[in-house]
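The shown structure was predicted, so the numbers you read here are calculated from the model rather than taken from an experiment. Both counts, for ligands and for their atoms, begin at 1 and track the order of listing.
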Amino acid sequence: MGKVNILGVQVDMVNAAEAAGKIIEMLEENRPHSVYTPNSEIIMMAYKDAEFCRLLNDADLLTADGIGVVYASRILGRPIAERAAGYDIARLVLEHIAESGHRLFLFGGKPGVAEQAQERLLQEYPFLNIVGCRNGYFDAAEEPEIIDAINRSGADIVFVCLGAPAQEKWIDRNMNQLHVKVLMGIGGSLDVFAGNVERAPQKWQDLGLEWLYRLIKEPRRFVRMLALPKFALTVLFKGKRYYKGGEE
Ligand code: UDP
């Protein structure tokens with residue numbers, strides 16, 4: 001499996017199906033694995049924060065969540081064929097674990113969202129083994145309790161949905177204490193599973209315009225999305241240096 005170095009972040013060149021295949025293999029190994037799905041905003045954070053960049057590169061799987069990252073890989077001459085969004089990968093993994101019986105824990109979102117997601121997922125996959133839910137609003141003192149709850153649940157896989165970069169940092173900080181096989185940092189996916197947020201229609205996704213759809217639906221994202229043109233310019237002007245292994 002190849003990687004492309006995008007501003008220092010080593011992104012795996014996989015599509016959603018290949019990423020799900022890797023995660024299914026991880027479920028058979030007896031150690032915790034981390035899976036993150038960086039978009040251009042997250043890669044820009046890593047570009048400006050060496051420790052965050054290190055943390056991303058320590059992941060067992062890093063997929064290109066967003067058309068910006070796919071374009072960047074093209075500019076750098078190592079094209080990733082298509083985006084591998086966290087939500088799409090999660091769906092494929094759900095289809096597998098609904099049959100295999102692996103235990104799933106839902107962590108993140110506002111109070112009640114994980115439970116709502118559980119209810120909707122069970123309508124769709126009646127045999128899905130969801131062993132726990134926990135909202136994503138807590139202070140540092142509550143962390144040991146959350147870790148304990150996940151461990152006691154016997155979960156094999158946890159969807160960690162705290163938003164970036166909180167979820168990646170949480171996973172990196174705590175994974176060695178967790179007796180699970182896979183930790184996936186997948187942002188707002190629980191809101192989508194709960195039915196509170198819609199994915200863009202397939203046509204918009206196919207045209208690479210999911211970001212525009214989300215912007216129209218949630219205009220408060222405008223400031224965050226300013227990272228996108230900055231990302232494009234940085235990749236254009238500085239990306240090749242990274243790719244050749246040069247220093248800034
Ligand atoms: N969230 C959380 N704890 C926090 C802050 C945010 O659980 O302290 C949740 C929030 O409720 C939302 C998700 O994290 O469900 C972030 O969603 P967003 O769409 O902003 O993330 P993205 O997918 O864009 O990273």
Please state which protein non-hydrogen atom is closest to atom 10 (C) of ligand 1 and give its distance, to 0.1 Å? Tyr137 OH, 3.5 Å
re atom 14 (O) of ligand 1, the protein heavy-atom contact at minimum distance is Leu162 C, 3.1 Å
Atom 25 (O) of ligand 1: closest protein heavy atom, distance to 0.1 Å, is Ala164 N, 3.7 Å
Around atom CD of Glu124, are there more than 12 heavy atoms of other residues, nucleotides or ligands at under 6.0 Å? yes
Would Asp88 and Arg199 pass as an ion pair if we require N to O under 4.0 Å? yes
Using heavy atoms and a 4.0 Å limit, tell me yes or no: is Glu41 in contact with ligand 1? no
Below 4.0 Å from ligand 1: does a non-hydrogen atom of Leu190 turn up there or not? no
Output, in order, the C-alpha distance, side-chain angles, deciding distance and verdict of side-chain contact (heavy atoms from CB on, under 4.5 Å) for Trp170 and Glu143. CA-CA 9 Å; Trp170 192 90; Glu143 265 191 26; 3.5 Å; yes
Among Asp60, Val93, Leu183, Asp156, whose side-chain contact (heavy atoms from CB on, under 4.5 Å) with Met26 holds? Asp60
Could you tell me which atoms of ligand 1, counted from 1 in the order shown, lie closer than 4.0 angstrom to a heavy atom of Asp191? 12 (C), 15 (O)
Closest to atom 8 (O) of ligand 1 among protein heavy atoms sits Gly136 O, 3.5 Å
With the threshold set at 4.0 Å, does a side-chain nitrogen-carboxylate oxygen contact exist between Asp172 and Arg54? yes
Polar contact flag for Gly187 and ligand 1 (N/O pairs, less than 3.5 Å): no
Ionic contact status for Arg224 with Glu41, cut-off 4.0 Å: yes
Under the salt bridge (Lys or Arg N to Asp or Glu O under 4.0 Å) criterion, do Glu28 and Lys181 qualify, and how do the steps go? CA-CA 8 Å; Glu28 302 310 320; Lys181 316 249 170 61; over 6 Å; no
Pairs of nitrogen or oxygen atoms closer than 3.5 Å, one from Gln167 and one from ligand 1: do any exist? no
Distance-only N or O hit between ligand 1 and Ile186, under 3.5 Å: no
Please check if the number of heavy atoms outside Asn30 that lie under 6.0 Å from its CG is greater than 12. no
Give me the nearest non-hydrogen protein atom to atom 7 (O) of ligand 1 as residue plus atom name, then the distance to 0.1 Å. Gly109 N, 2.9 Å
I'd like to check which ligand 1 atoms, numbered from 1 as shown, lie under 4.0 Å from a non-hydrogen atom of Cys161. 7 (O), 9 (C), 13 (C), 14 (O)
Ile157 and Arg103: CA distance, side-chain angles, deciding distance, side-chain contact (heavy atoms from CB on, under 4.5 Å) verdict: CA-CA 6 Å; Ile157 176 164; Arg103 290 162 295 225; over 6 Å; no
Within the structure, is a non-hydrogen atom of Arg214 found at a distance of less than 4.0 Å from ligand 1? yes
Please state which part of Arg224 comes within less than 4.0 Å of ligand 1, counting heavy atoms only: side chain, backbone, both or neither. side chain
Could you give me the CA-CA distance, side-chain angles and deciding distance for Val158 and Leu178, then say whether side-chain contact (heavy atoms from CB on, under 4.5 Å) is met? CA-CA 10 Å; Val158 188; Leu178 287 161; 5.9 Å; no
Tell me the protein heavy atom at minimum distance from atom 18 (P) of ligand 1, and give that distance in Å. Arg221 NH2, 3.7 Å
Just to be sure I'm reading this right: ignoring hydrogens, which of Ser189, Ala117, Gly163 gets closest to atom 16 (C) of ligand 1? Compare them by their nearest heavy atoms. Gly163
Under 3.5 Å, N or O to N or O, is Gly188 touching ligand 1 that way? yes
State the atoms of ligand 1, each with its element, that fall below the 4.0 Å cut-off from a heavy-atom position in Lys110. 11 (O)
In terms of heavy-atom contacts, Gln167 and Val160 come closest through OE1-O, 3.4 Å
Near Gly108 (heavy-atom distance under 4.0 Å), the atoms of ligand 1 are 7 (O)
In terms of side-chain heavy atoms, does Glu99 have a donor or acceptor partner in Tyr125 at a distance below 3.5 Å? no
